[in-house]
Amino acid sequence: MTLNPQNLLLTGGHVVDPANRVDGPADLRIADGRIADVAVGRALDPLPGEIVRSVAGQLVCPGFTDVHVHLRDPGQEYKEDILTGSVAGAAGGFTTLLCMPNTLPPLDSAPLIAYVVGKAARAAGSRVVPIGAACVGMKEERLTEMADLQESGCIAFSDDAFPIQNAAMTRRVMEYCHMLDAPFVAHSEDKSLAGKGAMNEGITSARLGLKGMPAVAEDLMVARNLLLAETTGCHLHLCHVSTVMSVELVRQAKARGVRVTAEGCPHHFALTEEAVVGYDTNTKMNPPLRTREDVQAVIAGIADGTLDTIATDHAPHAYEEKDVEFDLAPYGIIGLETCVPLTWTHLTQKGHLTPAEAVARLALHPAQAFGLPGGTLSPGAVADVTVLDPQARWTLRRDRIRSKSKNTPFIGTEFQGQVTLVIRDGAVIHDLLGDTHAASGPLAGRGEGYRV
């Protein structure tokens with residue numbers, strides 16, 4: 001699908017652009033798909049035919065990037081597909097999504113990467129960029145033709161959902177990633193320790209009669225992956241860090257100069273293992289919800305930059321797949337449309353992050369880590385913009401979720417902070433209220449957004 005870039009003028013907003021240390025009132029002009037002007041502390045006069053949008057009282061930020069989503073395409077499109085995931089991502093404030101390779105079949109060949117790139121070109125919301133499988137069939141037997149996958153459009157490689165247990169194979173993957181200057185995106189889990197656990201191992205799992213997944217299953221593999229990254233010089237990106245020890249291991253590795261970035265997920269800073277008490281299968285995820293001490297460590301890691309990015313691990317599943325006994329349910333929840341409000345509600349409003357720090361974790365750092373466009377509102381940069389109302393209070397309703405799947409424990413939750421407008425390459429891809437008008441004429445029409 002061809003997006004329709006417009007010449008836009010956003011007036012009266014508060015621009016937050018950490019890359020340029022801008023954090024104050026400013027008008028923003030977009031022309032020909034690029035940032036044309038950021039007028040700090042002054043108003044811009046509309047140009048003829050320019051679309052003007054008042055964003056008074058709202059934050060105007062670089063478009064957000066989610067570096068960890070599962071779009072189930074190809075093979076499980078009944079859960080999600082590239083087109084619906086793109087729309088859900090836009091509704092959540094994201095202009096770019098990086099999709100994981102654990103599809104059916106996995107994204108382990110150049111034609112499959114080309115398929116994702118081709119279908120992503122028709123997406124009406126967030127741009128979608130594939131991450132390739134490190135191993136053929138996501139089995140730790142043989143490396144994929146990594147250079148061919150990269151040439152076809154993937155920008156990183158991962159073992160996500162099928163963590164490589166063999167250290168020699170992991171080292172080989174990292175060596176090739178280093179050679180290709182591509183990040184290795186690692187799901188750190190020792191399967192011999194975690195087994196088929198359903199939740200965090202501890203007093204709560206014993207009380208509920210559920211098999212536990214010990215924190216050391218993550219910690220052990222985080223330590224191994226960091227040491228291998230240090231040995232190979234590979235850029236290691238650690239998925240969904242969730243324990244006290246793992247956060248500390250990343251912190252120490254960064255102090256040693258290891259080339260590592262890492263992500264924290266909203267469910268790991270918003271919920272503890274106590275959420276599992278009602279046996280809601282939407283609280284079953286991998287890594288599992290941890291203890292209060294782990295939650296505090298993840299928050300501290302995000303706050304001090306040990307965890308560079310906030311990512312969703314968006315994992316859609318159909319209703320009937322989750323509507324089973326807790327032990328039998330698949331891991332994961334959707335997260336694209338709740339990430340920003342959870343960040344604002346649990347981190348910014350509680351003083352753990354300033355708005356600028358939150359925007360850095362959602363926009364600047366992920367773009368920098370993966371060499372992606374955007375992340376900044378510098379003149380000449382691609383016009384990826386996310387506007388949010390930091391004071392808006394709203395409640396998540398099932399019938400308002402854009403994703404095909406609805407598996408989230410946050411339905412009925414009241415949030416503070418709401419994405420109102422998202423622009424990608426100069427084109428509006430999400431407009432909550434639809435209040436746009438031409439500078440030279442009356443109201444041009446209302447969008448397909450909704451009031452909550």
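Treat the numbers as computed from the prediction; the structure is a model and nothing was measured.
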Qualifying residue for side chain to side chain donor-acceptor pair (under 3.5 Å) with Glu218, from Arg290, His187, His240 | Arg290
Assess the side chains of [X] and [Y]: does a donor N or O sit below 3.5 Å from an acceptor N or O?
X	Y	result
Glu337	Ser403	no
His317	Lys79	yes
Asp219	Thr243	yes
Thr345	Gln349	no

Within a strict 4.5 Å, meaning less than it, do heavy atoms of the [X] and [Y] side chains meet?
X	Y	result
Asp27	Leu10	no
Val276	Glu274	no
Cys339	Phe94	yes

Any ion pair linking [Y] and [X] (charged N to carboxylate O, less than 4.0 Å)?
X	Y	value
Arg393	Glu414	yes
Asp308	Lys254	yes
Arg224	Asp190	no
Arg361	Glu357	no

Could you walk me through whether His235 and Cys177 pass the side-chain contact (heavy atoms from CB on, under 4.5 Å) test, one step at a time?
-> CA-CA 8 Å; His235 172 194; Cys177 283; over 6 Å; no
Could you give the distance from [atom1] ([X]) to [atom2] ([Y]), rounded to the nearest 0.5 Å?
X	Y	atom1	atom2	value
Leu3	Ile423	CG	CD1	12.0 Å
Arg400	Lys406	CZ	NZ	11.5 Å
Leu396	Thr338	CG	OG1	7.0 Å
Ser86	Ile429	OG	CD1	6.5 Å
Leu307	Phe269	CG	CZ	10.5 Å

Checking salt bridge (Lys or Arg N to Asp or Glu O under 4.0 Å) for the pair Arg397/Asp399: CA distance, chi angles, key distance, verdict?
-> CA-CA 6 Å; Arg397 290 168 44 185; Asp399 63 343; 3.0 Å; yes
Do His68 and His314 have ring centroids that are under 6.0 Å from one another?
-> no
Pair Phe370 + His237: ring centers closer than 6.0 Å = yes
Check side chain to side chain contact (heavy atoms under 4.5 Å, CB included) between Ala223 and all other residues, then give those that pass, not counting sequence neighbours.
-> Leu249
Sequence neighbours excluded, which residues qualify as side chain to side chain contact (heavy atoms under 4.5 Å, CB included) partners of Phe162?
-> Asn102, Met138
Intermediate values then yes/no, side-chain contact (heavy atoms from CB on, under 4.5 Å), Leu236 and Val258 = CA-CA 9 Å; Leu236 172 66; Val258 178; 6.0 Å; no
Step by step, would you call Arg259 with Asp181 a salt bridge (Lys or Arg N to Asp or Glu O under 4.0 Å)?
-> CA-CA 12 Å; Arg259 194 178 174 198; Asp181 195 24; 3.1 Å; yes
Given Arg122, Arg72, Lys404, the one that forms salt bridge (Lys or Arg N to Asp or Glu O under 4.0 Å) with Asp81 | Lys404
Do Phe415 and Phe410 pass the side-chain contact (heavy atoms from CB on, under 4.5 Å) test, and can you show the C-alpha distance, the side-chain angles, and the key distance before you say yes or no?
-> CA-CA 10 Å; Phe415 297 113; Phe410 297 111; 4.0 Å; yes
Full working for side-chain contact (heavy atoms from CB on, under 4.5 Å) between Lys284 and Asn282 | CA-CA 5 Å; Lys284 182 180 180 182; Asn282 288 323; over 6 Å; no
If you draw a 6.0 Å radius around CD in Glu151, do more than 12 non-hydrogen atoms from other residues or ligands fall strictly inside?
-> no
From CA spacing to verdict: side-chain hydrogen bond (donor to acceptor under 3.5 Å, both in side chains), His70, Asp313 | CA-CA 7 Å; His70 301 270; Asp313 193 10; 3.0 Å; yes
Decide side-chain hydrogen bond (donor to acceptor under 3.5 Å, both in side chains) for Thr291 and Asp294; before the verdict, give the C-alpha distance in whole Å, the side-chain angles of both, and the deciding distance to 0.1 Å.
-> CA-CA 5 Å; Thr291 66; Asp294 292 312; 2.8 Å; yes
Is a side-chain N or O of Asn407 found less than 3.5 angstrom from the main chain of Gly332, in a donor-acceptor match?
-> yes
Does the pair Thr204 and Glu273 meet the rule for a side-chain hydrogen bond (donor to acceptor under 3.5 Å, both in side chains), with working shown?
-> CA-CA 7 Å; Thr204 304; Glu273 62 184 358; 3.3 Å; yes
Full working for side-chain hydrogen bond (donor to acceptor under 3.5 Å, both in side chains) between Asn20 and Ser378 | CA-CA 7 Å; Asn20 292 302; Ser378 299; 2.8 Å; yes
